Amino acid sequence: MVWPMDLLDVPGLLAGGFRPTPFRQFIVKVHGRCNLACDYCYLYEMADATWRSRPRSMSRDTAVRVCERIAEHATAHHLDHVEVVFHGGEPLLAGVGLVAEMTGRLRRLLAAEGRVDFTIQTNGVLLDEPVLADLSRLGVRVGVSLDGDQAANDRHRRFPHGGGSHDAVAAALRRLSAEPYRDVYAGLLCVVDLRSDPVRTYESLLEFAPPRMDFLLPHGNWTEPPPGVDLTGATAPYGRWLIAAFDRWYGAPRQETEVRLFGEIVNVLLGGHSGTEQVGLSPAALIVVDTDGSLEQVDTLRSAYHGAAGTELNVRTHAFDAALRHPAVVARQIGVEALGDTCRACAIRDVCGGGYYPHRYREGSGFRHRSVYCADLTVLIRHIRDRLRQDLAALRARQA
Amino acid sequence: MLEEQSDLESELVDLNDIPLSKLATCDDSSLALALRRVTREMGESRDVIAGFQSGI
C-alpha cells in the first residue's frame, strides 16, 4: 500500500473540515522536448518515460482549452491573482506565437477577475534579440537555468552532440540582464553539484546580475539516491555545500541578489511562511498541464517512478477542481498531516516541512518518509538559525 | 543525526525583543531585508502558498 494514493482518506479529510487550496500557479508545458540533453534531467533521464507518448508541442486547441480552464478556476474561486509558468522541455521550441496566443487570451478572459502574471523558464539557448523583444512586449518574465561557471555548467548542461551550453546561455544572459530587457529578467536556477565550489558557483551566477536565484538539489529519493548523498546522515555533503553558499550570500554587507531557498528558510525561522515547495509547510497550490492537456501533480515526481506525476485527468474533460481532490494533490496541501512519524516528532519540521515532496519517496511505501536530504537540510537550517540568533543578539545589544 | 535534532526548538528565533520600528533604519543586508519582509508579511492577510520550485 502506497501513501498517499492508497492510504490518504480524502473524503474523511473533507468531512473533517479540510478545504482544498485553489490552484494559483499553472505550469503549462507548451513543448515536451528539449534542445539540450542534460544528464540529470528528471523528464528524460530518470524513472519516467511518459514524455515519449506525449505530443512534442501543445496544439493551439489544447492551449485554448487550458486558458479557458484557468479562467474557469479563477472565476469559481474568486482568485484575484494567478500565475502561469511556460515550461517544458524547452518552452521556446514551441515558438513565441503560442505564448502570445495564451497571454492574450488569458488577459482577456481574466480581465474582470484580477491579475495574471506570466513567466517562462528556459535553458536560454534560444533567447536571441527578437525572442526577447517579443517576450518583453508580451510582459512575460524570463527565468533561465544555469549551473554556475563554464566548467560546472557544461559538466551537465550539454547539447545532444556533446558540446557545452554555457557560451550560448551567457550571451543570452548578457542581453537579458541589460536594458531594455532587464525588467523581464526573473532570475536564475542552479542545480547543486558537489564537485563545484559553492562560492565560485554563487559568484559566477552573480556575474549575470540576477534579481533572484535559487539552488535546487538534484532529484533523487530513498530508492534512487541523488549523487553523493550520505544516507547515514553523518557527513551531510549537500548541507555543507549550501552552508558555504549561504555564508557568502548572507555575509555581504548589502544583499547582492535574492536566493530563494535561503530567503524562505530565514523567513520561516523568523516566524513567517515559505513561498516555495522546497521547504516549509505552506500548501502547494500549483498544477502542471502537459502538452496533451493532461494534468500532473508536479512534474518532478517523474524522478520517482514511471507515471508518478499522473492524475488521469485532462483539461479537455476535467476542470481543475477535479484535481483538487486527487490524493497526491491533497497530500501537498495538508501540511504536517502529510508527514511521517519521524518528521512529526522533529523540532524543525515547520522549517524543512519534510523536504521537497519528490525527495521523500521510497519504493513500496510511497511519500510518507523524511527527505533523502534530511541530514543536509538539518545542518543547513541549524546553521542559518545560529547565524540569525547571533546577529539578532548583536542587533538587540546595539539598540539597548 | 536524529537524536541531535531533539535539542532544536520549534520557536526558533524570537523577534519579540526587536523594536520593529527601528528596522527601517537597518541597512540592506540580508538580515535587515529579511526582518522587513517578515514584519511586512505579518501585517498581510493573504494566504501564503508554496510555489513551483522548477521555475523562478
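Here is how names work: the chains are called A, B, and so on, in the same order as the sequence lines, proteins then strands, and each is numbered from 1. All of these numbers come straight from a predicted model, not from anything done at the bench.
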Given a strict heavy-atom distance threshold of 4.5 Å, which part of A:Gln121 is in contact with chain B: side chain, backbone, both, or neither?
side chain
Under 4.5 Å from any heavy atom of chain B - which part of A:Ser274
backbone
Walk me through it: do A:Glu277 and A:Arg332 pass the test salt bridge (Lys or Arg N to Asp or Glu O under 4.0 Å)?
CA-CA 9 Å; A:Glu277 55 180 345; A:Arg332 296 189 301 123; 3.2 Å; yes
For A:Arg248, which residues count as a salt bridge (Lys or Arg N to Asp or Glu O under 4.0 Å) partner, sequence neighbours excluded?
A:Glu203, A:Glu256
Return the option, out of A:Arg349, A:Arg141, A:Gln255, with the maximum number of heavy-atom pairs under 4.5 Å with chain B.
A:Gln255
Are A:Arg260 and A:Glu264 close enough for a salt bridge, meaning some N to O gap below 4.0 Å?
no
Counting only heavy atoms closer than 4.5 Å, note whether A:Arg212 contacts chain B via side chain, backbone, both or neither.
both
Who wins among A:Leu388, A:Val266, A:Leu189 for the most heavy-atom pairs under 4.5 Å with chain B?
A:Leu189
Can you say whether the rings of A:Tyr202 and A:Phe215 are parallel (under 30°), tilted (30 to 60°) or perpendicular (over 60°)?
tilted
For this output row, return yes or no: ring centroids of A:Phe23 and A:His77 closer than 6.0 angstrom.
no
Side chain, backbone, both or neither: which part of B:Leu33 has a heavy atom under 4.5 Å from chain A?
side chain
Interchain contact, A:Pro283 with chain B, by part (heavy-atom threshold 4.5 Å):
both
Relative to the ring of A:His219, is the ring of A:His359 parallel (under 30°), tilted (30 to 60°) or perpendicular (over 60°)?
tilted
Highest number of heavy-atom pairs under 4.5 Å with chain B: which of A:Thr119, A:Leu216, A:Val142?
A:Leu216
Checking A:Leu188 against chain B: side chain, backbone, both or neither under 4.5 Å from a heavy atom?
backbone
Given A:Val279, A:Asn267, A:Val191, the one with more heavy-atom pairs under 4.5 angstrom with chain B than any other is A:Asn267
What residue, out of A:Pro253, A:Gly272, A:Gly143, A:Gly263, has the most heavy-atom pairs lying under 4.5 Å from chain B?
A:Pro253
Bottom line for A:Leu270: the part with an atom under 4.5 Å from chain B's heavy atoms is both
State whether A:Asp247 and A:Arg387 are salt-bridged, where the test is any N-O pair (Lys NZ or Arg NE/NH1/NH2 against Asp/Glu carboxylate O) under 4.0 Å.
yes
Which portion of A:Tyr356 sits near chain B, non-hydrogen atoms under 4.5 angstrom:
side chain
Heavy-atom closest pair, residues A:Val144 and A:Leu176
CG2-CD2, 3.9 Å
Any Lys/Arg nitrogen of A:Arg389 or A:Asp391 sitting under 4.0 Å from an Asp/Glu carboxylate oxygen of the other?
no
